[in-house]
Amino acid sequence: MGFHKIIIANRGEIACRVIRTARALGYRTVAVYSDADAAAPHVALADEAVRIGPAPAAESYLHIPALLDAVRRTGADAVHPGYGFLSERPEFAAACVQAGLVFIGPPAEAMAAMGDKAAAKRRMQQAGVPCAPGYLPSGTDDQDDARLVQEAQRLGVPLLVKAVAGGGGRGMRLVQALDELPAALAAARREAAAAFGDDRLMLERLVMDARHVEVQVFADTHGDAVHLGERDCTAQRRRQKVIEEAPSPIVDATLRERLGRDAVAAALAVGYVGAGTVEFVVDAAGQHFFLEMNTRLQVEHPVTEILTGFDLVAWQLRVAAGEPLRAWLPNGQADVRWRGHAIEARLYAEDPFDGFTPQTGAVAHWRPGTALAAAGGSLRIDAGITEGSTVSPWYDPMLAKLIVHGHDRADAIRRLVAALDDSPVFGLATNARFLRGLLQHDDFTHARMTTTCLDEWATRGEPLLRRPEPPEALWLAAAALAARGGLPAGTPEPLRPAAMAAVPLRLRCQGAERAWRARWLGDAVQLLPADAPRGGAPATVRVLAHDAEAARWRLEIDGVAACHVARSAGDGGWWLAHEAAVYRFDQPSPWPDARRAADPRRACATVAGRVAQVAVRPGQRVAAGDPLASVEAMKMEMWQHAAAAGTVRAVHVAAGDAVAAGTLLVELNLEEDTPA
């Protein structure tokens, strides 16, 4: 079972993660990439790289023949699937083995047993693992809508519609009332077919006020299995995990023993090999119920690595090579120890203050070295981007994971907040400020979260989801930098503007505008408010130091010195970070804005992606708010609705079409256009 060269059938941060450990153990590595990822970090990090498909095409990483051809061309003899894409497809594992390769993951049979979520739950019930009530179809004949509605009435609401072949929150919908069920079934089927090539659905009674607790298990080819403790993934949005931590703040030693016992029983029941995660929900009474088993390495595996000191990718490689767990755990489960508390935050390219809309574009600034240096070894960052990377709409919007280790939970929270503050991304919106606010929210710090909290907050106007405004000091810092043109401290006298009469300066940020008259006083800038928000009092801003490598400026404002992460946008604008939020300050043009307001007659794609559904046809009458078409990007389906009542004039796209941001989807003739 020996091997020497590993091809990583994945992309992004997990590909980088696997490559680093594989190379540290002496293995050669091969990356694969689509045209959209030609300049991605994982491509440069590997020893070799092979193009497997065009862009835009998420399907490139799902094309088994292309991946096996890359194996043939490079002489690789092992395959690591990462997570997502083909990692839980038994047909891929089987194809690798049939081609004479070592598949670094569980056997295809174990993957198939747990990949069918309905069949898996039936098997867990036989193994004595507790499961929540649900409808577990045994064949395609059980997929009729009428049957699913009947079973939903029996189970009652709230319930979850779930893809039988699902995972990662795809093909899943929460149903709060029975009249929501038809739309939920249609949406879940469509998403499941696109994500897994299988549109079968099951139903599961939602455990109310639950926490999501999962257990990391590991099994070898010699019949041994251990668990490495639990992770709490309760903080999730639309069934997608946001923050993960270990140990769970609601799990005591007794519950941990029960969870570990059932997780190991689940793995042994299907002949599992390698790294896997058994997911449970825990109700308010402390009762746990099996959800599913993820037959791969999880996104949040670094939390367990930090807490235990083990390298799980190294374990995967050793088990795949035939080594027994006893080779490094001679006493089995007794050799597993946990130390302190670990928390992971997922940094996404999305705007939390605009419905978590996915974001695309170039990463103008990403220099987490300052955060790593400040953390002194308690921070780990797994990233799939570098400065200059382009975030496309074709893949998951996760940019990086920030993982911290503290001596207790409060210590870990404080360290993670500081890490988010010290590692801003400029160039596109991220969820960093939202993560910071969530970590400091009373419901999180006091372990009162449930799996539905974040979705409930979105409907009730939770302050955490309101866009923050730049504080006064940031306006002044931006004004001083704009006035100086970004000249660093110590600029030679001949190159520094001389003291002169005050000149007008105006900045705009998030729709607000401020105006000053700026004047140079030696090495400082004096700002006299033109709109007098500070009662007309001038402010003096002095640049004390500038670290160009970290884009950090030490500014003194009216005698108070502080550090700011700031960078010129190159067009007269500036990005400045404050408490994990990033603000862009621009100097508005003196000319009238020629941009027109959005035309209600034209429904356009807000992001690049693929058309998921077209809900109208030419000539159809629509009312204001009616759905017209949806675009799927970065695992999120975004609908365009009619801005006013009218008639569909033209439909310019079809389901499955790839579209760019701004593409015209549907045109309307409005009722107001018709003469009375």
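Checked by atom type, the side-chain pair Q440/R436 shows a donor-acceptor distance below 3.5 Å. Residues E244 and Q236 bring no donor and acceptor atom of their side chains to less than 3.5 Å of each other. Counted by atom type alone, H288 and D262 present one or more donor-acceptor pairs between their side chains at under 3.5 Å. Judged purely by distance below 3.5 Å, without hydrogens or angles, the side chains of S248 and E230 never pair a donor atom with an acceptor atom. Q216 and H227 form no side-chain donor-acceptor contact under 3.5 Å, judged by distance and modelled atom types alone.
A side-chain donor-acceptor contact under 3.5 Å links D657 to the backbone of A654. Panel note: side chain R205, backbone L155; a donor-acceptor pair is recorded below 3.5 Å. H63 contributes no side-chain N or O that, together with a main-chain N or O of P65, makes up a donor-acceptor pair within less than 3.5 Å. Remark: the backbone N or O of D351 is not paired with any side-chain donor or acceptor of Y348 at under 3.5 angstrom. Looking only at distances, no side-chain donor or acceptor of D354 sits under 3.5 Å from a matching main-chain atom of T357. With hydrogens and angles ignored, the 3.5 Å screen pairs a side-chain donor or acceptor of D116 with a backbone N or O of A119.
Under a cutoff of 6.0 Å and an axis angle of 45°, R466 and F353 do not form a cation-pi pair.
Residues F92 and F85 place their aromatic rings such that the two centres sit no closer than 6.0 Å. Checked against the 6.0 Å centroid criterion, the rings of Y395 and Y61 qualify as a close aromatic pair.
At a threshold of 4.0 Å, the pair E632-R190 does not count as salt-bridged, since none of the basic side-chain nitrogens sits closer than that to a carboxylate oxygen.
Contact between A275 and L297 at its shortest, heavy atoms only, is CB-CD1, 3.9 Å.
Applying the side-chain hydrogen bond (donor to acceptor under 3.5 Å, both in side chains) test between R231 and each of Q298, E214, H301 identifies E214 as the sole match.
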